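Chain identifiers are assigned alphabetically (A, B, ...) following the order of the sequence lines, protein sequences preceding nucleic acid strands; residue numbering begins at 1 within each chain. In this text the structure is predicted, and so the values were computed from the model without any measurement. No hydrogens, no waters, no symmetry mates; every other heavy atom, side chains included, goes into these values.
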Amino acid sequence: MTPEELSSAVTACLKDAIDAGEFSIELPSEVRVERPRNRDHGDWATNIALQLSKQAGMNPRQFAGILSSRLEKIDGVAKVDIAGPGFLNITLDAGAAGELAKAIVEAGPAYGRSDALSGTRINLEFVSANPTGPIHLGGTRWAAVGDALARVFESQGAEVTREYYFNDHGAQIDRFARSLLASAKGEPAPEDGYAGAYIEDIASRVLAVEPNILELPEAEAQERFRAIGVDLMFGDIKESLHNFGVDFDVYFHEDSLHENGQVEMLLEKLKGSKNLYEKDGAWWLNSTEFGDDKDRVVIKSDGNAAYIAGDIAYIQNKRERGFDLNLYMLGADHHGYVARLKAAAAALGHDPECVEVLIGQMVNLVKDGKPVRMSKRAGTVVTLEDLVDAVGVDAARYTLARFSTDSNIDIDLDLLTKRSNENPVFYVQYAHARTYALARNAEAAGVDDSAFDAALLSHPTEGALLAALGQYPGVVAQASTFREPHRVARHLEVIAGTYHRWYDACRIAPQNGEEVTDVNRTRLWLNTAARQVLANGLDLLGVSAPERM
RNA sequence: GCCCUCGUAGCUCAGGGGAUAGAGCGGUUGCCUCCGGAGCAACAGGCCGUAGGUUCGAAUCCUAUCGAGGGCACCA
């Protein structure tokens, strides 16, 4: 029995008790059963008596008493104890927990998936770095987390579009183009420009494409460097993301919003919105209503559209493409965008809820325990490729995805490389590989899956492993609702831990000449179940699940 | 000045109202005639930044405060 099944059975008991008039309360939307830390407290525990007794006008233990007599009648429940202030501790029948092993094996890759988001179209925008250089550590974090989040949504039935928004004009790109030009001429990088080996590399590749480029007038040459350089740079970015296992469905070019005067037309229409007003010759968006500290100019007093006009048009564009939910995954240096994006959605007449901004904290580079500022100028930028070269794709993706995006993370490349074998990803992958080793040995010893008797999975480590496997679907669901894929990684570490301990305590293959029994066969099922859940979870993180290491 | 995030073991971090606060790394000590030792077991290590509040119950929610990081253009 899974915690979800138990939880809905408990809910049904509550409903019956209410219908029978045993107490009068509102049925809670969700009843949570938790795995108690202390095994003396049963297989699963719930605190609903503590939560609901006040509403029912009785003390918690009294409430728990009424409920427990009903819980005891649930199929698969062996015993219900009332403990402490009013916890209900539930112990399952010997076979009830073990049945899960078979259920998982039969569900296969579908175990942990749900249809909670089926029919929901989600646009998830992440990375979105302008092509002025390679993806650095910050962008790499969003690539790892964003893609994992997309996979989590997909596992819940959503249709996800991974989107990358960029522009190739403006001050940043100008600096990039001037830096390329300078490099091609053999001059030092401009004062406000970019330095680094990649500039020389791109510059020489531009020269290879267009050998006569330096004979053009300065302005024309710079424009050619911009156009060709951006293409080359973007090619490199896409390639390194692809090698990282992240492929975007849409690379959205900001300029496409401005074609055919689309933005102007949209702004004209918006002048009728109550969220847009005229003051001092400019048009303002009332973003303060959505938490901004000041309203933002949309149309400058010179009549030109401000940058934010593009954001507004972009939201409209996304809405027209039919997305139910538009997620923006941005770094903490963009947190000021939240209010204006919400305000923009409202101004367009959309529910601001259709725009959701996920703010993630920054990645810091650390060397010898001291922070190092990443600077494109100083050439101290650590890129996605540097990280992958140092530790490999699996360790890189896992490391970045296992932290909450609410916390800053420090990365010490030297330390990471040195300790790469101790990265938790290997702990999890090793558990997965071990399931294959055990299966190979089991087969050699004549153990097959011809029998399954759930009641034989009676060892404490088997209970713990089954419980961890049973919690997996709930963890994935939480990762989806909270937009926190790191929960999946953390739970895989728990599963790997319970698996290793089970391995240590229980054998699948019989030892020196003992007969094969149903215990061996049933354990083989549990082994396969553990492998399946580890593989499903690693897949959500975009990390490989090796058969051997 | 205002806004956002964080402050938990020596280090890096989990913990979204529950029972005795966890993991990895680092430290000490055990475990390979036995399915993979990239593993397991044990020990040491904590006024959960501080002070109030809400609650039967707070690391978790609220307020204040200190500290760290990030943001607050008719730039893009």
(message) Pick the closest RNA chain B nucleotide for Thr46(A) and for Ala442(A) by heavy atoms, then say which residue is nearer the 5' end.
(response) Thr46(A)

(request) For rG18(B) versus rA73(B), give the span between their C1' atoms, rounded off to a whole number of Å. (result) 49 Å

(message) Can you check the distance between rU12(B) and rC4(B), where both ends of the measurement are the C1' atom (answer in whole Å)?
(response) 23 Å

(message) Partner lookup for rA38(B), please. Criteria are Watson-Crick or G-U wobble with both distances under 3.5 angstrom; report none if nothing qualifies.
(response) none

(request) Both distances under 3.5 Å, Watson-Crick or G-U wobble: report the partner of rA51(B), or none. (result) rU63(B)

(request) Would you classify Gln172(A) as touching base, sugar-phosphate or nothing, given that sugar-phosphate means primed atoms plus P, OP1 and OP2, and contacts are heavy atoms under 4.0 Å? (result) nothing

(request) Take atom P in rU5(B) and the same atom in rA14(B), then report the distance between them in whole Å. (result) 15 Å

(message) Suppose we call two aromatic rings close when their centres sit under 6.0 Å apart. Are Phe166(A) and Phe234(A) close by that rule?
(response) yes

(request) Side chain of Tyr503(A) only, please: which of rA76(B), rG18(B), rG37(B) is the nearest? (result) rG37(B)

(request) Report the nucleotide, chosen from rG16(B), rA21(B), rC40(B), that has the shortest atom-to-atom distance to any side-chain atom of Arg37(A). (result) rA21(B)

(message) Quick check for you: to the nearest 0.5 Å, what is the distance between His136(A) atom NE2 and Asp386(A) atom CG?
(response) 12.5 Å

(request) Identify which nucleotide among rU5(B), rG18(B), rG39(B) has an atom closest to any side-chain atom of Glu34(A), counting heavy atoms from C-beta outward. (result) rG18(B)

(message) Closest approach to the side chain of Phe426(A), judged atom by atom: which nucleotide of rA19(B), rA73(B), rA38(B) is it?
(response) rA38(B)

(message) Using the side-chain heavy atoms of Arg32(A), tell me which of these nucleotides is nearest: rA14(B), rC74(B), rG17(B).
(response) rG17(B)

(message) Check whether Tyr314(A) forms a cation-pi arrangement with Lys318(A) (NZ or CZ under 6.0 Å from the six-membered ring centre, at most 45° off the ring normal).
(response) yes

(message) Determine whether a donor-acceptor pair (one donor, one acceptor, N or O, separation below 3.5 Å) exists between the side chain of Arg487(A) and the base of rG16(B).
(response) yes

(request) Determine whether any donor atom in the side chain of Ser301(A) lies under 3.5 Å from an acceptor atom in the base of rC74(B), or the reverse, and answer yes or no. (result) yes

(message) Can you tell me if Arg434(A) touches the phosphate of rG37(B), counting only side-chain N or O atoms and a distance under 4.0 Å to OP1 or OP2?
(response) yes

(request) Indicate, with a heavy-atom threshold strictly under 4.0 Å, whether Asp293(A) touches base, sugar-phosphate, or nothing. (result) base

(request) Measure from the side-chain heavy atoms of Phe403(A) and tell me the nearest of rU12(B), rC40(B), rG36(B). (result) rU12(B)

(request) Between rG36(B), rC74(B), rG18(B), spot the one nearest the side chain of Val297(A), thanks. (result) rC74(B)

(request) Under a 3.5 Å limit for both distances, which nucleotide forms a Watson-Crick or G-U wobble pair with rG27(B), could you say? (result) rC43(B)

(request) State which of rA14(B), rG36(B), rA73(B) makes the closest approach to the side chain of Ser404(A). (result) rA14(B)

Restricting to nitrogen or oxygen on both sides, can you table the protein-nucleotides 53-63 of chain B pairs closer than 3.5 Å?
from    : atom 1 : to       : atom 2 : distance (Å)
rC56(B) : OP1    : Lys54(A) : NZ     : 2.9

(message) Under 4.0 Å, counting only non-hydrogen atoms across every strand here, what does Ile359(A) touch: a base, just sugar-phosphate, or nothing?
(response) nothing

(request) When you get a sec, tell me which of rG37(B), rG69(B), rC40(B) is the closest nucleotide to the side chain of Gln361(A)? (result) rG69(B)

(message) Taking atom NZ as the centre, does Lys271(A) end up with more than 12 heavy-atom neighbours from other residues, nucleotides or ligands that are less than 6.0 angstrom away?
(response) yes

(request) State whether Arg490(A) places a side-chain N or O below 4.0 Å from either non-bridging phosphate oxygen (OP1 or OP2) of rC13(B). (result) no

(request) May I ask you to check if Arg531(A) and Tyr436(A) form a cation-pi contact, with NZ or CZ under 6.0 angstrom from the six-membered ring centre and within 45° of the axis? (result) yes

(message) Just to be sure I understand the rule, does His486(A) reach a base, reach only the sugar-phosphate, or reach nothing, if contact means heavy atoms closer than 4.0 Å?
(response) sugar-phosphate

(message) Using the side-chain heavy atoms of His41(A), tell me which of these nucleotides is nearest: rA19(B), rA14(B), rC6(B).
(response) rA19(B)

(message) Taking rU8(B) as the reference, what is the distance to rG67(B) when you measure between their C1' atoms (whole Å, please)?
(response) 15 Å

(request) Verify side chain to side chain donor-acceptor pair (under 3.5 Å) between Asp293(A) and Thr288(A), making sure each step is shown before the conclusion. (result) CA-CA 6 Å; Asp293(A) 49 0; Thr288(A) 41; over 6 Å; no

(request) Please say whether the positively charged group of Arg402(A), taken as NZ for Lys or CZ for Arg, lies over the ring of Tyr398(A), i.e. under 6.0 angstrom from the six-membered ring centre and within 45 degrees of the axis. (result) no

(message) Base, sugar-phosphate or nothing for Arg507(A)? Non-hydrogen atoms, less than 4.0 Å.
(response) base

(message) I'd like to know if Asn38(A) reaches the base of rU20(B) with its side chain, counting only an N/O donor and acceptor under 3.5 Å.
(response) yes

(message) Looking at His335(A) and rC72(B), is any side-chain donor or acceptor paired with a base atom of the opposite kind under 3.5 Å?
(response) no

(request) Give none if rA68(B) has no partner; otherwise give the nucleotide forming a Watson-Crick or G-U wobble pair with it, both distances under 3.5 Å. (result) rU5(B)

(request) If rU20(B) has a Watson-Crick or G-U wobble mate with both distances under 3.5 Å, name it; if not, just say none. (result) none

(message) Using OP1 and OP2 only, check whether a side-chain N or O of Lys294(A) sits under 4.0 Å from rC74(B).
(response) no

(message) Can you confirm whether or not the ring centre of Phe126(A) sits under 6.0 Å from the ring centre of Trp142(A)?
(response) no

(message) Can you confirm if the NZ or CZ of Arg35(A) lies within 45° of the ring axis of Trp44(A) and under 6.0 Å from the centre of its six-membered ring?
(response) yes

(message) Using only modelled atom types and a 3.5 angstrom limit, is any donor from either the side chain of Asn89(A) or the base of rA19(B) paired with an acceptor on the other?
(response) yes

(message) If the glycosidic angle sits within 90 degrees of zero it is syn, else anti. Tell me which applies to rC32(B).
(response) syn

(request) Please say which of Leu466(A), Leu457(A), Ile508(A) ends up in a side chain to side chain contact (heavy atoms under 4.5 Å, CB included) with Trp502(A). (result) Ile508(A)

(request) Determine the contact category for Gln429(A): base if any of its heavy atoms lies under 4.0 Å from a base atom, sugar-phosphate if only primed atoms, P, OP1 or OP2 are that close, otherwise nothing. (result) nothing

(message) Would you measure the distance from the P atom in rG39(B) across to the matching atom in rC25(B) and give it in whole Å?
(response) 7 Å

(request) Using Watson-Crick or G-U wobble geometry with both distances below 3.5 Å, tell me the partner of rA14(B), or none. (result) none

(request) Report yes or no: is there a donor-acceptor pair, N or O only, under 3.5 Å between the side chain of Tyr337(A) and the base of rA76(B)? (result) yes

(message) Between rA58(B) and rU63(B), how many Å separate the two C1' atoms, rounded to a whole number?
(response) 15 Å

(message) Classify Asp410(A) by what it touches in the nucleic acid, base, sugar-phosphate, or nothing, heavy-atom distance under 4.0 Å.
(response) sugar-phosphate

(request) Provide the Watson-Crick or G-U wobble partner of rC32(B), both distances under 3.5 Å; none if there is no partner. (result) none

(request) In whole angstrom, give me the gap between the C1' atoms of rC48(B) and rA23(B). (result) 16 Å

(request) Count the heavy atoms belonging to other residues, nucleotides or ligands that lie under 6.0 Å from CD of Glu514(A), then report whether that count exceeds 12. (result) yes

